[in-house]
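Below you'll find the structure, written out as structure tokens, and then a few comments.
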Protein chains: 2
Amino acid sequence: MSSPTRKVTMIDIAHEAGVSKSTVSLVLQGSELVKDDTRDRVLAAMDRLGYVYNRGAANLRRKTSEVLGMVINDLTNPFFAEIAVGIERALQTAGFIPLLANTGEDPSRQARVMQAMREHGAAGFLFCPAIGTDEGFAHEIMSWRLPIVTVMRRIPGVDFRSVAPDNVGGARLATEHLIGLGHRRIAFLGGRPGMVVMEDRCQGYQAALAAAGLPADPGLIVEERPNRDGGLAGVGALLSIADPPTAVLCFNDAVAFGALHGLWERGLQAGRDLAVVGFDDIANAAHTTPPLTTVAVSCRTLGERAAHLLLSELRGEPTGDHIGEVRLVVRASSGPPGQDRYRPNT
Amino acid sequence: MSSPTRKVTMIDIAHEAGVSKSTVSLVLQGSELVKDDTRDRVLAAMDRLGYVYNRGAANLRRKTSEVLGMVINDLTNPFFAEIAVGIERALQTAGFIPLLANTGEDPSRQARVMQAMREHGAAGFLFCPAIGTDEGFAHEIMSWRLPIVTVMRRIPGVDFRSVAPDNVGGARLATEHLIGLGHRRIAFLGGRPGMVVMEDRCQGYQAALAAAGLPADPGLIVEERPNRDGGLAGVGALLSIADPPTAVLCFNDAVAFGALHGLWERGLQAGRDLAVVGFDDIANAAHTTPPLTTVAVSCRTLGERAAHLLLSELRGEPTGDHIGEVRLVVRASSGPPGQDRYRPNT
DNA sequence: CCTTCAATTTGGAACGTTCCAAATTTTTCG
DNA sequence: CGAAAAATTTGGAACGTTCCAAATTGAAGG
């Protein structure tokens, strides 16, 4: 039992059950062809000998695999962690299993690890591209002719299926909300041009302004790192311009958290002194002081949809992109513009 | 090029380069035996034909694999996400690659997916057990005779190598800090007995009390879910007992966040009205209001150590458990006991 | 009992590697 | 130059499956 005994194979089972290896194989594949009685005998033998199916060998012969690559730019970000969980869940129930890579936004790591996954027989990829992913690489992996679904960030210039929330619509929704509250000078804070997500959200913001007949002041669009630090720095910049905004739509919740913090540092309060709106509705958004108004994206669902999309592609079914619904969640960080405290110069 | 051409194999390369498949194999394995000139020819051929190494086939023959199972109880928890990232990083640089499973604290999912990973040829496991993991299952996987390293939560009764922070020491440190501030009635909040981590931390807390000659009031140990909701509920319970504590050590940061929120709801302030200390120092701890005093655990490092431990085991090297260092980070949520506001009954 | 047809079962050749023992080529040196 | 030694290269048998075509068994019908 604890001896260094050779691994149990189908042949051993065949022997033990008094059938051929082909029959064992049929049983393993749940074939209808085999007689119930025989099946039972084979299953019993497997049990007795402690058989472990060797999928590697099977896949070698069959030229397929149930292994998929899951490449995530930043698992440390709860938003992407949630997506990863959604993907994993869907794959698991479909009998697939992901190889994981966290690229940490490093394109060269990304390239290395995706190559490794290919060598390990990944049958397709769920892919949240790192920020600097270039078109050359995109073409490279396209040439692999494996199904690939990009999640959140689509790559311009290649036609992978993609799954993403309705960034344009969400930003429009949020901006309309602010306009409805009476705001006229609304800023957009965070992100870098070249980031598709930033561009989409910014576009939705601009569309809402335009639809309301409000001027688009380029000075109100502040580029910043897409994280808390960016928000902190950006809100400072916004408050110090000559004619400061009364509201700010942040690229994402992390940026909004930073903005909240920046306000707090100045003795100002979000909602009263400056309306702040986030994007994503990550877990913490409900628990800041004040709680954050934000655009809710169901990232778990997004992950599941991505997985299903990839599975469809694997089956060769026709597929289309998926744009996830968004929903505005109004909390206390967004209020109407006030006249009292928010202008340092009065 | 885009034709449904058969996959390129070593044999094709051998042909193209005018050598035998054995030579190609040697090149692939970076052997010193092959002449530089030949190596170049082979590499060139690979390049020309677009060869992809089939590790599945290699592993079948070689009876090893660079694939490891990474089984995480809850990736949604930033603490474990960080560990996962640390593991993945270390594995990647060592040329290994993880299969991922998120069990969502469900032991039956856990059992299913670990079996699947075994069938896929996982050579070992990095394992953060789900909460209800029973000893029977532990013995089952032990019988697989694969190297397994448990992370964070060790399993009593089986001797897997394990990696965890110094929970006992950290809790002692935190409690000593509170005692040093002058607190005499210090509560412990959150977690369930049966959770090893809770037991360790609670033990450290009790040790510190005992060392300071303070009585151990069992009424000051409040079991609760190990998350924000548990903290919220628990702090309410603590404040309403006859002789309430002046300080509370929370099972982890999430619980502490809930406690902070509970205080805020009652118009009380952490640090002044009740000293609150967390455990883990997750990303948000520095950004609560007030910022949270907590025991910092370097989870990224923890993950890396776990990976290295598993790799050592794979190489058959002698190994031992790793207990990660902890460090007390004092922020504003813990102050000396006051006399004014924290007693509802004065 | 023989035939026919359906239901089961089965050998053996892949799948793309590695690894061993043996073969071949190259170098060294008396 | 020839022999011995060293450096390279090479066939072919695994590894544990699947899958096909063919063989065997069983049931039904005359």
Side-chain angles (χ1 to χ4, degrees), chain A residues 4-43 45-46 49-67 95 116-123, chain B residues 4-43 45-46 49-67 95 116-123:
Chain A
T5 167
R6 208 173 39 72
K7 200 160 275 176
V8 178
T9 106
M10 276 186 18
I11 313 244
D12 302 318
I13 302 300
H15 241 191
E16 174 83 6
V19 297
S20 77
K21 63 183 171 23
S22 302
T23 303
V24 178
S25 175
L26 289 179
V27 170
L28 242 17
Q29 293 167 71
S31 163
E32 293 295 297
L33 286 182
V34 24
K35 203 173 4 177
D36 288 356
D37 174 47
T38 324
R39 186 195 325 279
D40 293 347
R41 229 154 8 102
V42 170
L43 290 174
M46 288 182 181
L49 266 46
Y51 172 70
V52 181
Y53 185 33
N54 183 334
R55 288 183 193 275
N59 290 338
L60 173 57
R61 173 60 227 239
R62 201 185 324 151
K63 297 166 163 321
T64 66
S65 101
E66 320 80 22
V67 178
M117 287 174 165
R118 186 157 81 124
E119 295 181 351
H120 279 289
Chain B
T5 167
R6 208 173 38 71
K7 200 161 276 176
V8 178
T9 101
M10 276 186 14
I11 313 243
D12 302 318
I13 302 300
H15 241 192
E16 174 83 5
V19 296
S20 76
K21 62 181 171 23
S22 303
T23 304
V24 178
S25 175
L26 288 179
V27 170
L28 243 16
Q29 294 167 69
S31 164
E32 293 295 297
L33 286 183
V34 23
K35 201 173 6 176
D36 288 355
D37 174 47
T38 326
R39 187 196 322 282
D40 293 347
R41 231 157 2 106
V42 170
L43 290 173
M46 288 181 179
L49 267 47
Y51 172 70
V52 181
Y53 185 33
N54 183 335
R55 288 183 193 274
N59 290 338
L60 172 58
R61 173 60 225 245
R62 200 188 322 152
K63 297 170 164 319
T64 66
S65 101
E66 318 81 21
V67 177
M117 287 174 164
R118 186 156 82 122
E119 295 181 353
H120 278 288

[X] [atom1] to [N] [atom2], straight-line distance once rounded to whole Å:
X	N	atom1	atom2	answer
Ile11(B)	dT10(D)	CD1	C1'	12 Å
Asn59(B)	dA14(D)	CG	C1'	15 Å
Arg39(B)	dA7(D)	CZ	C1'	13 Å
Leu28(A)	dC19(D)	CG	P	12 Å
His15(A)	dT10(C)	NE2	P	12 Å
Arg62(A)	dC19(D)	CZ	P	6 Å
Met46(B)	dG16(C)	CE	P	15 Å

Nearest heavy atoms of [X] and [Y], plus distance in Å:
X	Y	result
Ile13(B)	Met46(B)	CD1-CA, 3.6 Å
Tyr51(B)	Val8(B)	CD1-O, 3.5 Å
Asp12(A)	Lys7(A)	OD2-O, 3.7 Å
Ala123(B)	Ser65(B)	CB-O, 3.6 Å

What about Lys21(B), does its side chain sit under 3.5 Å from the base of dG12(D) through a donor-acceptor pair?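 Under the 3.5 Å cut-off, the side chain and the base do form a donor-acceptor pair.
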Using only modelled atom types and a 3.5 angstrom limit, is any donor from either the side chain of Arg61(B) or the base of dT17(C) paired with an acceptor on the other? no
Holding to salt bridge (Lys or Arg N to Asp or Glu O under 4.0 Å), I want the full list of residues that pass it with Arg55(A), two or more places apart in sequence or in another chain. Glu119(B)
I'd like to check the salt bridge (Lys or Arg N to Asp or Glu O under 4.0 Å) partners of Asp36(A); sequence neighbours left out, ordered by chain and number.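 Here the qualifying residues are Arg39(A).
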Between Glu66(B) and Asn59(B), is the side chain to side chain contact (heavy atoms under 4.5 Å, CB included) condition met? List the steps. CA-CA 9 Å; Glu66(B) 318 81 21; Asn59(B) 290 338; 3.3 Å; yes
Any residue meeting side chain to side chain donor-acceptor pair (under 3.5 Å) with Arg61(B), in chain and number order, not counting sequence neighbours: none
Which atoms of nucleotides 5-9 of chain C (N or O only) lie under 3.5 Å from a protein N or O atom, and what are those distances?
residue : atom : partner  : partner atom : Å
dT9(C)  : OP1  : Thr38(A) : OG1          : 2.6
dT9(C)  : OP2  : Lys35(A) : N            : 3.1

Five pairs at each end of the helix from dC1(C)-dG30(D) to dG30(C)-dC1(D): take the axis at both ends and give me the angle between them to 10°.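 End axes: 50° apart.
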Take Ala58(A) and Asp36(B), find for each the nucleotide of DNA chain D with the closest heavy atom, and name the residue whose nucleotide sits nearer the 5' end.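 Upstream on the strand: Asp36(B).
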Any side-chain heavy-atom pair from Thr9(B) and Lys21(B) closer than 4.5 angstrom? no
If you define the side chain from C-beta out and look only at heavy atoms, does anything of Leu26(A) sit under 4.5 Å from Val42(A)? no
Could you grab the distance from atom CG of Leu33(B) to atom OG1 of Thr23(B), nearest 0.5 Å is fine? 10.0 Å
Quick check on dC19(D): is either OP1 or OP2 less than 4.0 Å from any side-chain nitrogen or oxygen of Gln29(A)?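 The answer is yes; a side-chain N or O of Gln29(A) sits under 4.0 Å from OP1 or OP2.
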At a heavy-atom distance below 4.0 Å, what parts of residues 49-57 of chain B sit against DNA chain D? none
